[in-house]
Protein chains: 2
Amino acid sequence: MPNLDKSLIADLPVFAGMTPDDLGDILKEAQSIRYPKGSSVFQQDEEAHSFFILLHGHLRVMKVTPDGQQVVVRFVNAGDLFGIAMAMARKTYPATATAVVDSLALVWPSAAWPRLVAKYPSLAVNTIQTVGSRLDDAHTRVVEISTQQVEKRVAHALLRLAQQAGRKSEDGIQIDFPISRQDVAEMTGTTLHTVSRILSGWEDQDLVESGRQKITIRNPHKLFMLAERPVD
Amino acid sequence: MPNLDKSLIADLPVFAGMTPDDLGDILKEAQSIRYPKGSSVFQQDEEAHSFFILLHGHLRVMKVTPDGQQVVVRFVNAGDLFGIAMAMARKTYPATATAVVDSLALVWPSAAWPRLVAKYPSLAVNTIQTVGSRLDDAHTRVVEISTQQVEKRVAHALLRLAQQAGRKSEDGIQIDFPISRQDVAEMTGTTLHTVSRILSGWEDQDLVESGRQKITIRNPHKLFMLAERPVD
DNA sequence: CGCTCTCTTTGCTTCAGGTCAAACAGTCTT
DNA sequence: AAGACTGTTTGACCTGAAGCAAAGAGAGCG
């Protein structure tokens with residue numbers, strides 16, 4: 001296998017402040033792996049053998065409850081560090097990651113982590129920030145689910161998706177990976193039926209345009225107002 | 001002020017693997033501050049001037065939404081590291097921390113953090129674990145709120161409180177700080193009325209005993225079964 | 001091309017839990 | 001010990017969203 005190109009990861013926040021030599025050294029321990037659409041990168045409760053950086057594509061991370069209900073924890077986008085369970089002293093992955101489109105990731109064996117962190121302490125410092133911002137997201141989500149009603153939660157979820165994985169098209173911002181009503185429901189703690197009704201309503205108001213596994217926000221500003229406006 | 005005693009913090013997970021000398025060095029930069037019951041340690045959106053370790057007492061950490069609704073993020077117990085906003089590269093605290101009983105904390109200026117982390121890299125590594133386990137908690141909470149109904153959520157919340165801050169008394173485990181129905185409601189995404197009704201119900205079954213700002217779990221095992229049993 | 005699968009829409013019904021309202025009971029104050 | 005708070009309980013009512021059911025509609029496949 002040819003050496004991986006440093007430019008792949010040079011601009012990522014996790015590697016902020018590293019020299020090209022450092023990056024080369026870190027990359028030496030990684031391999032890149034393709035994950036075809038639908039395939040799983042790791043499974044909940046599986047031994048945390050590796051950690052990853054997504055180079056290309058999108059993953060859905062979800063948790064399954066003992067009684068089989070699913071909750072989408074987040075979507076992983078290009079550039080994101082993920083599967084760092086062992087950095088948090090976990091033996092297993094707390095969730096399942098599945099490719100929603102053909103994806104490509106850099107993969108390090110978990111065993112490399114302590115070694116890399118010892119050699120490059122800024123890696124740990126940057127990782128605290130990554131994990132911290134995820135903690136923030138999770139808290140925001142708790143606050144939202146606890147205090148807002150479904151329509152506003154769905155609006156927020158869509159706006160967030162648009163920001164993280166939106167692709168501008170001529171008539172709005174489209175989520176650039178296939179996403180179902182069920183997915184949105186699992187992100188917002190509701191049911192696909194309710195999401196479908198809400199999207200239908202928005203479609204009538206020309207707020208969004210949506211079809212099979214596809215959502216385009218036609219009027220982000222109006223959607224934002226809807227998401228933020230007080231219940232009055 | 002006399003030097004702070006190393007034994008105060010020697011056993012805390014954040015300082016795992018440090019020598020007594022290291023601890024002394026780290027403590028040099030801290031002061032200890034008393035927070036009387038009801039006083040606030042820091043406020044949401046306030047500049048993150050300090051970070052803390054709680055030596056004694058209990059704090060309630062909560063977020064307030066723009067429209068004034070409150071959500072309890074967590075309770076801080078003795079030994080916990082908290083207020084580490086700046087380690088996550090935040091300029092301000094994301095929530096408000098208030099003493100629910102007279103409390104005592106070690107306080108470092110935020111500016112000390114980069115210095116300490118540079119000198120003691122294991123601090124960063126341990127902090128990842130701390131933040132990681134909080135991320136886990138937050139995700140667990142998202143999953144619970146999204147999938148379980150109120151009674152089970154309240155049961156889980158009480159069991160968690162009992163584990164973190166339970167004091168064994170002759171007839172059960174008592175939460176060892178004053179906690180109101182409103183608090184429990186804000187932990188579980190419901191209303192104080194609903195919590196009151198649920199606790200009344202449990203009282204009738206001798207599952208708990210509760211009064212003004214006080215909750216004792218008389219039958220933890222039965223409560224656990226209630227929390228875990230499928231809806232059938 | 002037509003069959004099958006999976007995703008989506010929509011109507012109808014139900015109900016958990018929120019809202020509103022009022023009374024009640026510890027605790028603290030003076 | 002009377003009054004004022006603050007937290008708790010309970011009843012009556014209402015509604016947002018879940019559950020159930022069934023029909024539609026793209027997309028992929030043989």
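In what follows, chains carry the letters A, B, and so on, assigned in the order in which the sequence lines appear, proteins first and then strands, with residues in each chain numbered from 1. Quick caveat, the model's predicted, so the values are computed rather than measured.
Here C:dT8 presents its P atom at 9 Å from CD of A:Gln182, a figure rounded to the nearest Å. Protein atom CZ of B:Arg212 is 9 Å distant from nucleotide atom P of C:dG26, rounded to whole Å. Summarising the geometry, the separation between CD on B:Glu203 and P on D:dT9 is reported as 7 Å, rounded to the nearest angstrom. For B:Leu199 and D:dT9, the CG to P distance is 7 Å, given to the nearest whole Å. Regarding B:Ile198, its CD1 atom lies at a distance of 9 Å from the C1' atom of C:dG17, rounded to whole Å. The separation between B:Glu209 atom CD and D:dT8 atom P is 15 Å, rounded to whole Å. When rounded to the nearest whole Å, the span between CH2 of B:Trp202 and P of D:dT8 equals 15 Å. Computed from coordinates, the B:Asp183 CG to D:dG7 P distance equals 9 Å when rounded to whole Å.
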Output a table of nitrogen or oxygen pairs between the protein and nucleotides 10-17 of chain D separated by less than 3.5 Å.
| residue | atom | partner | partner atom | Å |
| --- | --- | --- | --- | --- |
| D:dT10 | OP2 | B:Ser200 | OG | 3.0 |
| D:dT10 | O4 | B:His193 | ND1 | 3.1 |
| D:dG11 | N7 | B:Arg197 | NH1 | 3.0 |
| D:dG11 | O6 | B:Arg197 | NH2 | 3.2 |
| D:dA17 | OP1 | A:Val150 | N | 2.9 |

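Aromatic pair A:His49/A:Tyr93: centroids less than 6.0 angstrom apart. Taking the six-membered ring for Trp, B:Phe51 and B:Trp113 have ring centres closer than 6.0 Å.
Under the 3.5 Å distance criterion, with hydrogens and angles disregarded, a donor-acceptor pair is assigned to the side chains of B:Trp202 and B:Glu151.
A donor-acceptor pair under 3.5 Å is formed between the side chain of B:Thr191 and the backbone N or O of B:Thr194.
Within the 4.5 Å cutoff, the side chain of B:Met187 has heavy atoms near those of the B:Phe75 side chain.
Nearest approach of A:Ala185 to A:Leu192, heavy atoms of both residues: CB-N, 3.5 Å.
Evaluation of atom-type donor-acceptor distances gives no pair under 3.5 Å for the side chain of B:Arg181 against the base of D:dT9.
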